Trainee: 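Quick one: this structure, given as structure tokens, is what I'll be asking you about.
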Amino acid sequence: MSPQKTKSLEFEFSYDVPKGKTVNVAIPLSLPLSGLPTDHAEVHIRESRIPCFAEDNFREDFLRFVAEEEDKMRQEEGDVSLENLEMELRDLAEVLEDENRVATPISTHSIKQEEEFGQICHKLYHSPVLHAMRAEENRAAHELRGLVKKRNEEIKKIQDHHIMAMEGYVNNGGHVDTTAVNDLAASQIEQRQDCEVKWASEISHLMEKQRKEFYSWVLQTFDESLGGKDYTSTIPNTDSYSPEPQSYPKMEESFSICIGSQLKITHSIRLFVDNVWNLCAGHPRAPERLQTALSLYTNSLSGLILLVDNRLNLYSGNTHKLSKICEVFPEFHFNPFDQQLNTIRQKLLNPDVVKRRTPTNYLIDDTIPDSVVKEDDSSGDLILPTGTCYLTRHSNLKQVHCVIHLASTVHEVQGEVSSRDPLLIGLKSALKLASENNMDNLIIPLFLTSNLEPNMDHAWCMKRCEVVFKCVKGFMIEVGSTGVTTSKTFHFILPKNTTQKTFQAISSMLPSIFRVPCPMVLDQGSRKKTLTVQELTKLNLLPDSS
């Protein structure tokens, strides 16, 4: 509630005395008065020494003056409140009008919005218009990041003010009133929530506005390109870009493997140490974003399996971190991250949809009964069983098109796992989901965690990676037996605090599990011939990887 406004003014009163003289009295007042006007009148009569014959006139004039001035103040405050209300209603009407315009399908070309837009973007990304599109995306990203930065600064300022207020209240040297402290904390929480809601509305409004503008720009640019407009002279923005320095040693190794007994399929495996968020977040002009954009509407997508909390919300764990990354770069090609999660929530609450397991359903694992999906009565969050996985699509991440969220708990991630563990069953479901959605490049956390804890020693790491390797190998053999011949690349990512000893041990273990092929040298007298993998396969000399 806003503090009450005050008004300072003077009350003037005059009276006649014998010998034709007039006495003038000026009394400073602060309206509204803190007590009864009649009490103030009596006080001023004594202080100003008003004679008895003028007291009645003084009281009458004083009470009338106070009533008139306070009525004027109330009238002015009412006018200001009406003006503010009118402004808020106008702003609300503009927001609703913009949302209605965004929600209305654009009839240009008389096409299905999503399918045609994807085809147009794919053509423009592989044309001279590419640099112009990237410049338009970077412009929107710069505007969005600026608004998010302002929000963060205001929230930090409020937090610092709240901390100082609470410390000053608690450390005053006297008795601390618990009720008063709780009331202060509640009011601070309410104030911060109001601030977050306000900024969330502004950011959402800007995202919708940018999305509509980008859609119109793409359609207009496509029409102009068909009309013969030359975009070859378009110069991309050349603002300086330099990658952030890496604070941990770079360790990476690649392997080629063959899977299958009769028809062998060659796959690639990459083992590397990195922070998983470096694959999602990054500068708008990072070169990796260009490759991600070029393959956005192809059948060769890049996916990431992300271990998340078993609560379906935006406010905890890795899901919260991912949402913070998504909000600083505009999403022009898919629904915003929060809307996708809301769609998944609705599907989880619908048992019929849960049982229909198709690539367009964001896969809810059908190996786990839908009856165990519970809703928290206090928070409203859905509590998912370990191994449940669901899919979100993104065009605003640096090296990832799809994120497969694998639900788990801290205890299950850090504990021992076996081949029948719900976490491993969920990993197999995630791998199947990736295959169904054309993810030929899949990033898998080898330890099923993004950070090594003190209790995760070398022996724990070796056992965990062996289980995950065998799980992935079993899936690859199963897929190969169905006739799928697509070559895939698996990126096994290790936490950044992985030791060099552990990395080398894992690198040595991998060939013993996947049977990495190597050339054989045949001694033919004075001539030696190195046989390729294909020749070895024809001669039936290649070890069976299955």
Side-chain angles (χ1 to χ4, degrees), residues 1-99 150-151 154-155 157-158 160-162 164-166 168-169 172 177 179-202 205:
M1 184 176 179
S2 59
Q4 191 175 27
K5 296 182 179 180
T6 60
K7 182 178 181 181
S8 299
L9 67 170
E10 285 188 349
F11 167 66
E12 296 181 354
F13 178 73
S14 60
Y15 59 91
D16 297 330
V17 296
K19 299 182 181 179
K21 294 183 179 180
T22 301
V23 178
N24 296 318
V25 179
I27 301 174
L29 297 176
S30 179
L31 298 180
L33 299 176
S34 58
L36 295 175
T38 53
D39 295 340
H40 282 271
E42 298 302 327
V43 171
H44 291 309
I45 287 175
R46 291 195 300 270
E47 291 179 350
S48 302
R49 298 181 180 180
I50 305 297
C52 59
F53 61 83
E55 288 181 359
D56 292 340
N57 292 336
F58 180 88
R59 292 189 186 94
E60 183 180 351
D61 292 350
F62 181 83
L63 295 176
R64 183 173 60 253
F65 175 81
V66 170
E68 292 175 353
E69 293 298 330
E70 288 185 345
D71 185 62
K72 290 180 182 178
M73 288 181 61
R74 286 190 290 269
Q75 185 67 30
E76 292 173 357
E77 291 177 359
D79 293 340
V80 172
S81 299
L82 285 175
E83 291 179 0
N84 293 336
L85 180 60
E86 290 176 356
M87 292 179 61
E88 292 178 0
L89 291 176
R90 283 197 297 269
D91 294 340
L92 179 60
E94 292 177 359
V95 171
L96 293 175
E97 184 178 355
D98 291 340
E99 291 180 350
K150 290 181 180 179
R151 181 205 62 185
E154 182 173 338
I155 291 178
K157 185 177 179 181
I158 291 176
D160 294 342
H161 176 72
H162 287 173
M164 291 178 60
M166 186 62 73
Y169 195 91
N172 58 4
D177 187 353
T179 304
V181 171
N182 292 338
D183 292 342
L184 177 61
S187 65
Q188 290 181 349
I189 293 174
E190 183 179 359
Q191 183 180 359
R192 176 174 174 176
Q193 289 177 343
D194 291 342
C195 178
E196 291 176 346
V197 168
K198 181 195 73 171
W199 280 106
S201 175
E202 292 190 18
H205 178 61

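Here the structure is a predicted model, which is why all the values come from computation and not from measurement.
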Trainee: Begin from the C-alpha positions of Glu190 and Asp194 and carry the test side-chain contact (heavy atoms from CB on, under 4.5 Å) through to its verdict.
Mentor: CA-CA 6 Å; Glu190 183 179 359; Asp194 291 342; 3.9 Å; yes
Trainee: Distance from His162 atom NE2 to Ile155 atom CD1, nearest 0.5 Å?
Mentor: 11.0 Å
Trainee: Side chains of Leu36 and His40: closer than 4.5 Å at any heavy-atom pair?
Mentor: no
Trainee: Above 12 or not: heavy atoms from other molecules or residues under 6.0 Å from NZ of Lys157?
Mentor: no
Trainee: Check the pair Lys198, Arg151 against side-chain contact (heavy atoms from CB on, under 4.5 Å), reporting the backbone distance first and the verdict last.
Mentor: CA-CA 9 Å; Lys198 181 195 73 171; Arg151 181 205 62 185; over 6 Å; no
Trainee: Side chains of Val80 and Glu76, heavy atoms from C-beta outward: is any pair under 4.5 Å?
Mentor: no
Trainee: Do other residues, nucleotides or ligands put more than 12 heavy atoms under 6.0 Å from the CD atom of Glu10?
Mentor: yes
Trainee: To check you understand the geometry: which heavy-atom pair defines the closest contact between Thr38 and Leu63, and what is its length?
Mentor: N-CD2, 3.8 Å
Trainee: Between Arg64 and Asp61, what is the shortest heavy-atom contact and its length?
Mentor: NH2-OD1, 2.8 Å
Trainee: If every non-hydrogen atom of His44 is compared with every non-hydrogen atom of Leu29, which pair is closest and at what distance?
Mentor: NE2-CD2, 3.6 Å
Trainee: Calculate, to the nearest 0.5 Å, the distance between atoms CG and CD1 belonging to Asp56 and Ile45 respectively.
Mentor: 8.0 Å
Trainee: Are Phe65 and Phe58 close enough that their ring centres sit under 6.0 Å apart?
Mentor: no
Trainee: Are any of the side-chain nitrogens in Arg59 or Glu55 under 4.0 Å away from the carboxylate oxygens of its partner?
Mentor: yes
Trainee: Between Glu70 and Pro32, which heavy-atom pair has the shortest distance, and what is it?
Mentor: OE2-CA, 3.6 Å
Trainee: Give a yes-or-no answer on whether the side chains of His161 and Gln188 include a donor-acceptor pair shorter than 3.5 Å.
Mentor: no
Trainee: Would you call Arg192-Glu196 a salt bridge at under 4.0 Å N-O?
Mentor: yes
Trainee: Given the side-chain rings of Phe13 and Phe62, with only the six-membered ring counted for Trp, is the space between their centroids under 6.0 Å?
Mentor: no
Trainee: Between Tyr15 and Ile50, is there a side-chain heavy-atom distance shorter than 4.5 Å?
Mentor: yes
Trainee: Any Lys/Arg nitrogen of Glu69 or Lys72 sitting under 4.0 Å from an Asp/Glu carboxylate oxygen of the other?
Mentor: yes
Trainee: Decide yes or no for Met73 and Leu31: does some side-chain heavy atom of the first lie under 4.5 Å from some side-chain heavy atom of the second?
Mentor: yes
